[in-house]
Amino acid sequence: MQPIVNGIKKQYRACLKVERVNFHAETQWHELIVPVGSPEFALLDSSDNIMRRWIGFTEKEEFVE
């Protein structure tokens, strides 16, 4: 998944912030998104509300949509 994440990070760096959250670490981001699987991706708006969530192995095209 890392190559996909790196590509998205590079392509959208002007308007998107990417944070990595360790599934087992109790952090602010972990509390915010409450991950249920690994890998998991969450798209948050500027108010930190979850807009979309992907769980499991995800193809790049799913993020582009």
Side-chain angles (χ1 to χ4, degrees):
M1 297 310 302
Q2 196 64 35
I4 292 173
V5 173
N6 289 342
I8 290 170
K9 205 170 166 179
K10 183 178 179 182
Q11 184 175 354
Y12 297 103
R13 67 177 163 242
C15 61
L16 183 72
K17 180 179 177 184
V18 176
E19 292 286 340
R20 182 169 187 223
V21 179
N22 185 322
F23 185 80
H24 299 289
E26 296 296 325
T27 64
Q28 172 191 357
W29 289 107
H30 189 279
E31 293 297 316
L32 182 67
I33 65 171
V34 189
V36 295
S38 182
E40 180 175 339
F41 303 91
L43 177 63
L44 284 65
D45 64 15
S46 60
S47 298
D48 291 338
N49 297 309
I50 296 175
M51 296 173 56
R52 178 104 192 258
R53 188 182 288 246
W54 298 265
I55 300 171
F57 292 100
T58 307
E59 298 295 328
K60 183 178 180 182
E61 292 75 24
E62 292 181 59
F63 293 114
V64 175
E65 290 176 11

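Every pair passing side chain to side chain donor-acceptor pair (under 3.5 Å) that includes a residue from residues 18-29 is listed here, sequence neighbours excluded: Lys17-Glu19. Evaluation of the salt bridge (charged side-chain N to carboxylate O under 4.0 Å, His left out) test over residues 31-44, restricted to residues two or more places apart or in two chains, returns Glu40-Arg53.
Side chain of His30 to backbone of Pro35: no donor-acceptor contact under 3.5 angstrom is found.
Of all the heavy atoms in Val21 and Ile33, the pair that sits closest is CG2-CD1, 4.4 Å.
Val18 is not listed as a side-chain neighbour of Tyr12, based on a closest heavy-atom distance of 4.5 Å or more.
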Give the C-alpha distance, both sets of side-chain angles, the deciding distance and a yes or no for side-chain contact (heavy atoms from CB on, under 4.5 Å) between Ile8 and Leu16. CA-CA 9 Å; Ile8 290 170; Leu16 183 72; 3.7 Å; yes
Run the side-chain contact (heavy atoms from CB on, under 4.5 Å) check on Asn49 and Leu44 step by step: do they pass? CA-CA 5 Å; Asn49 297 309; Leu44 284 65; over 6 Å; no
Begin with the C-alpha distance, continue with both residues' side-chain angles, and end with the deciding distance and a verdict on side-chain contact (heavy atoms from CB on, under 4.5 Å) for Val5 and Phe41. CA-CA 10 Å; Val5 173; Phe41 303 91; 3.4 Å; yes
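Here Lys10 pairs with nothing under the salt bridge (Lys or Arg N to Asp or Glu O under 4.0 Å) rule; sequence neighbours left out. Remark: Arg52 pairs with no residue by the salt bridge (Lys or Arg N to Asp or Glu O under 4.0 Å) rule, at least two apart or across chains.
Cluster annotation: Ile50 and Leu43 are assigned to distinct hydrophobic clusters (Ile/Leu/Val/Met/Phe/Trp/Tyr, side-chain heavy-atom contacts under 4.5 Å, transitive).
Using a 4.5 Å cut-off between side-chain heavy atoms of Ile, Leu, Val, Met, Phe, Trp and Tyr, Ile55 falls into a hydrophobic cluster with Val36.
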